[in-house]
There are 2 protein chains.
Amino acid sequence: MPVTDEAIEKIKTMIVSGELGPGDRLPKEADLAERLGLSRSSLREAVKALSLIRVLDVRQGDGTYVTSLAPDLLLDALGFVVDFHRDDTVLDFLEVRRILEPAATAMAALAMPEAEIVALGGVLAELGEEPTVEALVANDLDFHRRIAAGSGNPVLCSLIESLSGPTARARIWRGLTQEGAVRRTREQHQAIYEAIASRQPEVARSWATVHIAGVEEWLRTMLGSAEGALTSAEVNGSGKRSAQDRP
Amino acid sequence: MPVTDEAIEKIKTMIVSGELGPGDRLPKEADLAERLGLSRSSLREAVKALSLIRVLDVRQGDGTYVTSLAPDLLLDALGFVVDFHRDDTVLDFLEVRRILEPAATAMAALAMPEAEIVALGGVLAELGEEPTVEALVANDLDFHRRIAAGSGNPVLCSLIESLSGPTARARIWRGLTQEGAVRRTREQHQAIYEAIASRQPEVARSWATVHIAGVEEWLRTMLGSAEGALTSAEVNGSGKRSAQDRP
DNA sequence: TCGTGACGAAAGGTCGGATGTCCTGTGAGG
DNA sequence: CCTCACAGGACATCCGACCTTTCGTCACGA
């Protein structure tokens, strides 16, 4: 095994074993390199890799730290991975969403705090009559994100968010708007919201299923008929590397 | 943005845009470094990071290649991330499994080929009367893995497999402590198998839910009473880095 | 003709040091 | 007491050299 991979494993072990806890600072590069028995260059490769998946947080001029290791932070790296998938696997991802989102929606109907439900309604209301595509996508993302968060399970929330990556959603929406299905989507959003607000988990679950199944079905026929009409990489360079937490 | 991160984005773009397809070979480090406008060292950090999440496959003496980008390969990296989570989030993961596995089981009851069902029964049969804990866990993992694969959705399958990691050690502990857990688990496995074999998706779904909810409930009470009894890093060094595919 | 083994080019693996850039604590000065 | 410039520490980047592995080539022998 290359020394770099070995270093990755050792650092991982240091964290999992509890020797390094969330927020702890690692020894400086030179010291850690000596301790692990490799050069700084190789160590930096290991650190970079662990940094990509949000396990380590390097701050120039300061030091290298272990992140909070919160589920949302680590699962966030999943979004990076999802971006790589081509259109022929989008349906598989959507199918998983059709499993997860209804479940999350039902959970939200039971667990979501009143204040959050009010805010959820506000999201629907703040969308005008003739929204731009960008506003529509942002609004849709916000709506589903709040519901996922309302499930009370951070793992489930992050998973859903990662799977409905901005790329895929933007692509889908682009097509949906052209089909003029905006109205139906808004009606379904409204129905989901009302089911949650009235604390009816099964109704909420069903509407969520209907909602996603609709997108799924549309995409299925779309991929079947207009082969190649949907190209990848229409929306890139998002570079959403934000919510690093620094204790 | 650091040049290394920039390089990661550029390589990602090259892949997502189709300039580099699965199996394609990247220019050699020196050339690619020059093309992207950075040093070989920095480029190597980027490559190492992309290699960790299975996007690139570096082969010494040969070259660097884009992997197949298959969902199972990329989601496999999720397992690495999941390993970092502490026990206080295990319940969240288990809850997600309680959503995904029943759905996968129901799908398997409809889609699993006869030959695979026979093999599934074989897995149950090959476990002796007095299995070791290790054999039990391995058998359990195999059983659930086959069902997940039987769903016909590779994304769902990989996701379940990745999420099963942290709960594995919990199951080990359970097998060691709880009386009758082994017998009950085997009965439930048998019931799940029979439901699949007789093509009854709803029965299969219910048994799977019961099965996982049982583990969940046990773990919940266990974490409540014996706080801190479950230490992390009981099972480490797995380092399952195997199924690299080289076209 | 075919198999085999040695050779060498090519590519990644590792290393250590030099220099640039950024953050932070600290102490002089107002 | 507050402000700001300075010095130290730590990461960022680059460079160039050398090692290791892989694979294609080619000559040799069966």
Side-chain angles (χ1 to χ4, degrees), chain A residues 1-12 14-15 20 22-68 239 241-247, chain B residues 1-12 14-15 20-68 239 241-242 244-247:
Chain A
M1 182 189 290
V3 292
T4 302
D5 292 9
E6 208 170 309
I8 292 178
E9 287 298 326
K10 284 181 180 175
I11 296 175
K12 177 181 176 183
M14 287 167 66
I15 294 175
L20 286 175
D24 282 1
R25 178 178 173 174
L26 273 67
K28 64 181 179 190
E29 284 185 341
D31 291 349
L32 186 56
E34 187 183 6
R35 171 174 164 182
L36 297 182
L38 40 59
S39 73
R40 264 188 61 233
S41 310
S42 303
L43 173 63
R44 278 183 59 78
E45 291 180 17
V47 170
K48 192 67 192 182
L50 290 173
S51 172
L52 180 71
I53 59 175
R54 307 289 200 279
V55 168
L56 295 182
D57 177 21
V58 287
R59 312 174 201 167
Q60 183 178 164
D62 187 357
T64 303
Y65 297 78
V66 179
T67 67
S68 67
R241 194 194 192 102
S242 54
Q244 294 276 8
D245 45 352
R246 323 196 154 180
Chain B
M1 181 187 289
V3 292
T4 302
D5 292 13
E6 207 172 311
I8 292 178
E9 287 299 326
K10 284 182 180 174
I11 296 175
K12 177 182 176 182
M14 287 166 67
I15 295 175
L20 286 174
D24 282 1
R25 176 178 173 172
L26 274 67
K28 64 182 178 189
E29 285 185 345
D31 291 350
L32 187 56
E34 186 183 9
R35 171 173 164 186
L36 297 183
L38 38 55
S39 73
R40 190 170 158 234
S41 310
S42 301
L43 173 64
R44 277 182 59 80
E45 291 181 19
V47 170
K48 192 70 194 181
L50 290 173
S51 172
L52 182 69
I53 60 174
R54 310 288 202 280
V55 168
L56 296 182
D57 178 20
V58 288
R59 311 173 202 169
Q60 183 178 169
D62 187 355
T64 303
Y65 298 79
V66 179
T67 67
S68 67
R241 191 191 192 107
S242 52
Q244 293 275 10
D245 45 355
R246 326 194 149 178

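Each chain gets a letter, A, B and so on, in the order its sequence line appears, and its residues count up from 1. The basis for the numbers below is simple: all heavy atoms, side chains too, and nothing from hydrogens, waters or symmetry mates.
Dashed line: the shortest gap from a side-chain N or O of A/Thr64 to OP1 or OP2 of D/dA10 is not under 4.0 Å. For A/Arg59 and D/dC11, the shortest distance from a side-chain N or O to OP1 or OP2 is not below 4.0 Å.
Inter-residue side-chain proximity for B/Leu38 and B/Thr4 is flagged as unmet; no heavy-atom pair is nearer than 4.5 Å. At least one side-chain heavy atom of A/Leu52 sits less than 4.5 Å from a side-chain heavy atom of B/Ile53. Residues B/Lys48 and B/Leu56 are not in side-chain contact: their nearest non-hydrogen atoms beyond the backbone lie 4.5 Å or more apart. Side-chain contact between A/Arg44 and A/Glu29 is present, with heavy atoms from C-beta onward closer than 4.5 Å.
Following rounding to the nearest Å, A/Leu56 (CG) and D/dC11 (C1') show an atom-to-atom distance of 13 Å. Taking atom CD1 of residue B/Ile8 and atom P of nucleotide D/dT13, one finds them 11 Å apart after rounding to whole Å. What separates CD of A/Glu45 from C1' of D/dA12 is a distance of 14 Å, to the nearest Å. The distance between atom NZ of A/Lys48 and atom C1' of D/dC11, rounded to the nearest whole Å, is 11 Å.
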Apply side-chain contact (heavy atoms from CB on, under 4.5 Å) to the pair A/Asp62 and A/Arg25, showing each step before the final yes or no. CA-CA 10 Å; A/Asp62 187 357; A/Arg25 178 178 173 174; 4.2 Å; yes
Start with the C-alpha distance between A/Leu32 and A/Arg40, add both sets of side-chain angles, then the distance that settles side-chain contact (heavy atoms from CB on, under 4.5 Å), and finish with yes or no. CA-CA 8 Å; A/Leu32 186 56; A/Arg40 264 188 61 233; over 6 Å; no
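First and last contacting nucleotides of DNA chain C toward chain B (any atom under 4.0 angstrom from a heavy atom, 5' to 3' order): C/dA11 to C/dT14.
If you find the closest nucleotide of DNA chain C to A/Asp62 and to B/Gln60, the one lying nearer the 5' end belongs to B/Gln60. Both A/Gly61 and A/Thr4 sit near DNA chain C, but only A/Thr4 has its closest nucleotide nearer the 5' end.
When all heavy atoms of B/Val66 and B/Gly21 are compared, the pair lying nearest together is CB-O, 3.4 Å. The minimum heavy-atom distance linking A/Ala7 with A/Leu36 is given by the pair CB-CD1, 4.3 Å. Contact detail for A/Asp57 and A/Arg59: the closest heavy-atom pair is OD2-NE, 3.3 Å.
The stretch residues 25-41 of chain A touches DNA chain D through A/Arg25, A/Lys28, A/Glu29, A/Arg40, each having a heavy atom within less than 4.0 Å of the strand.
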